[in-house]
Structure formats: C-alpha cells, structure tokens
Peer 1: 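Handing you a structure now.
Computed from a predicted structure; not experimentally measured.
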Amino acid sequence: MARMGVRIAVAGLALLTAGCVSNDPRRGGFVGGVAGLWSGQYDENVAAQRAELQQAREGEGEEQRASLSLAQDRDRHAGEKARLTREATALDRDLAALRRRIRGLQDRAAVNAAQASELDRQIAALQEWIAAVQADPALDPAERSRQLDESKRKIAGLRAQAEAYERAMKPRSAPTS
C-alpha cells in the first residue's frame, strides 16, 4: 500500500509538472532542458539565434557602407565647393584686372566717359552677382557651376568691349598715297 501511495504521488507530481515543461531550459527547468535537447528544439533555438545575429551583423555592415558612402559624398561635395570657390576667386581677379583696365581707359581723353561708366557699372553688377552665387548655400554645385560659366561668358564680352574701346583710342595713322 505504501508503494501505491508513492506511485500516486509520483503520478500526481508528473501531472503537475507536465504543464511546466518547456523546450526552453530557461523556462522549463531541468526537465524542460532535457526535453529540449532530446527533441532538437534547443538546437533549433540556437540556430535561430545565430541567424538573427548574422542578420544583425549584415545590417551593421550595410549601415557602415552607407555611412562610408555618405562620407565620400560629403568629401566630393566639399571638393566641388572648393573648386567652385577657386573658380569664383579667379573670376574676381579677372574682374579686378578688367576694372583697372577700364579705369585706365577712362583716364584717356579719347574714351567716351559714358561708355566706360557703362562698362564699370556692368562689372560692378557682375561682381555682385558672383558674390551672391558664392554666398547662396542652397545652390547645388551644378547650378553654381552653370552660373559661374555664364559669368565667364559675360566677362569675355566685357573684355571684348574694353579691347574695342582701346583700339578706338589708338591714334590712326594717316593713309599714305
């Protein structure tokens, strides 16, 4: 009879702990851990966690590549901005030289003062425009480059006008017979 009581107690404990068994050793205790090992569930859980870790590492690699790409873009844009700044500075130097040339023409009596003043006004307007292009942070590099190229064309036109005025100032020799 004592044996029967022990059997009933063991059977009762088995029934009570059957609901507590989990394939996860953290939740099911020793019996759950053993059951998880025997059923292969523990290995499946480990494999799933490894796959999750691998995905996280791949995501981290993608983030690092994206960060590197952004850094390269930033460096490329910084280089482009520096190049455009150098170009604008060179244009300013050209304009300053042209302005000195025009002022020299104004000093000569043969030059029409109104024409020289108009050239000087155009140069001042062009200098202000170039400064505005340089100072505009919202201007993308392609548009900035296009506007600086347009400035170069305008400077070439002003230079041609100044040369025409210089030629007009040179004394003409009398035709020989």
Side-chain angles (χ1 to χ4, degrees), residues 24-27 41-176:
D24 186 353
R26 291 175 295 176
R27 293 193 193 112
Q41 184 64 38
Y42 182 75
D43 291 332
E44 289 176 18
N45 289 347
V46 169
Q49 288 175 352
R50 284 187 179 150
E52 211 174 294
L53 177 62
Q54 181 63 30
Q55 285 179 339
R57 285 181 178 159
E58 288 173 1
E60 184 179 290
E62 289 174 15
E63 288 173 4
Q64 287 176 347
R65 285 188 290 279
S67 176
L68 178 62
S69 176
L70 288 174
Q72 288 171 340
D73 286 348
R74 182 194 66 228
D75 293 345
R76 186 176 57 249
H77 288 300
E80 179 70 10
K81 181 180 179 183
R83 182 189 66 79
L84 292 172
T85 300
R86 286 190 305 271
E87 244 182 75
T89 301
L91 291 174
D92 280 339
R93 280 193 306 269
D94 283 352
L95 286 172
L98 190 55
R99 177 170 274 170
R100 285 190 302 274
R101 192 171 176 185
I102 297 301
R103 289 214 168 104
L105 292 174
Q106 286 175 326
D107 291 342
R108 296 181 188 160
V111 175
N112 182 334
Q115 291 172 329
S117 293
E118 176 58 22
L119 275 177
D120 199 38
R121 186 199 61 74
Q122 289 176 14
I123 289 171
L126 193 52
Q127 279 181 319
E128 288 178 17
W129 190 63
I130 290 172
V133 166
Q134 282 183 279
D136 188 355
L139 206 58
D140 67 296
E143 179 62 21
R144 187 171 302 200
S145 183
R146 187 194 67 72
Q147 289 187 8
L148 290 176
D149 286 343
E150 186 175 329
S151 297
K152 288 178 188 177
R153 285 189 292 280
K154 288 179 179 180
I155 289 171
L158 291 172
R159 187 175 287 125
Q161 286 180 11
E163 288 171 358
Y165 294 143
E166 280 181 332
R167 282 191 302 275
M169 286 182 17
K170 287 185 182 178
R172 294 194 173 106
S173 48
T176 55

Peer 1: Restricting to non-hydrogen atoms, name the atom on Pro141 and the atom on Leu84 that form the minimum distance, rounded to 0.1 Å.
Peer 2: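 The pair with the smallest heavy-atom distance is O-CD1, 3.8 Å.
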
Peer 1: Going by the side chain to side chain donor-acceptor pair (under 3.5 Å) test, which pairs reach into residues 128-147, not counting sequence neighbours?
Peer 2: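 Applying side chain to side chain donor-acceptor pair (under 3.5 Å) to every pair that reaches into residues 128-147, excluding sequence neighbours, yields Glu143-Arg146, Glu143-Gln147, Arg146-Glu150.
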
Peer 1: State the CD-CZ distance between Gln127 and Arg99, to the nearest 0.5 angstrom.
Peer 2: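 These two atoms lie 4.5 Å from each other.
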
Peer 1: Between CG of Leu126 and CG of Asp94, what distance do you get to the nearest 0.5 Å?
Peer 2: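 Answer for the CG-CG pair, Leu126 versus Asp94, is 10.5 Å.
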
Peer 1: Taking all non-hydrogen atoms of both residues into account, name the closest pair between Leu148 and Ala88 and its distance.
Peer 2: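 Result for this residue pair: CD2-CB, 4.2 Å.
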
Peer 1: Calculate, to the nearest 0.5 Å, the distance between atoms CG and OG belonging to Leu91 and Ser151 respectively.
Peer 2: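 Taking CG in Leu91 and OG in Ser151, the distance rounds to 6.0 Å.
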
Peer 1: Listing request: all side chain to side chain donor-acceptor pair (under 3.5 Å) pairs with a residue in residues 72-82, at least two apart in sequence or in separate chains.
Peer 2: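 For residues 72-82, and leaving out neighbouring residues, the side chain to side chain donor-acceptor pair (under 3.5 Å) pairs sorted by first residue read Asp73-Arg76, Glu80-Arg83.
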
Peer 1: Between CD1 of Ile123 and CD1 of Ile102, what distance do you get to the nearest 0.5 Å?
Peer 2: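 These two atoms lie 5.0 Å from each other.
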
Peer 1: Looking at residues at least two apart in the chain, or sitting in another chain, which of them share a side chain to side chain contact (heavy atoms under 4.5 Å, CB included) with Arg100?
Peer 2: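 Arg100 satisfies side chain to side chain contact (heavy atoms under 4.5 Å, CB included) with Ala96, Ala97 once adjacent residues are dropped.
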
Peer 1: For residues 156-165, which residue pairs qualify under salt bridge (charged side-chain N to carboxylate O under 4.0 Å, His left out), counting only residues two or more places apart or in two chains?
Peer 2: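 Residue pairs with at least one partner in residues 156-165: Arg101-Glu163.
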
Peer 1: Start with the C-alpha distance between Gln122 and Lys154, add both sets of side-chain angles, then the distance that settles side chain to side chain contact (heavy atoms under 4.5 Å, CB included), and finish with yes or no.
Peer 2: CA-CA 9 Å; Gln122 289 176 14; Lys154 288 179 179 180; over 6 Å; no

Peer 1: Would you compute the distance between atom CD of Glu60 and atom CZ of Arg65 and round it to the nearest 0.5 angstrom?
Peer 2: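 One gets 10.5 Å once the value is rounded to the nearest 0.5 Å.
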
Peer 1: To the nearest 0.5 Å, what is the distance between CD1 on Ile130 and CG on Leu95?
Peer 2: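 Atom-to-atom, Ile130:CD1 and Leu95:CG are 5.0 Å apart.
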
Peer 1: Just jot down the side-chain hydrogen bond (donor to acceptor under 3.5 Å, both in side chains) partners of Gln54, sequence neighbours excluded, or say none.
Peer 2: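 Only Glu58 meet the side-chain hydrogen bond (donor to acceptor under 3.5 Å, both in side chains) criterion with Gln54.
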
Peer 1: Under the side-chain hydrogen bond (donor to acceptor under 3.5 Å, both in side chains) rule, collect the residues that match up with Arg121, sequence neighbours excluded.
Peer 2: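 Residues passing side-chain hydrogen bond (donor to acceptor under 3.5 Å, both in side chains) with Arg121: Glu118.
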
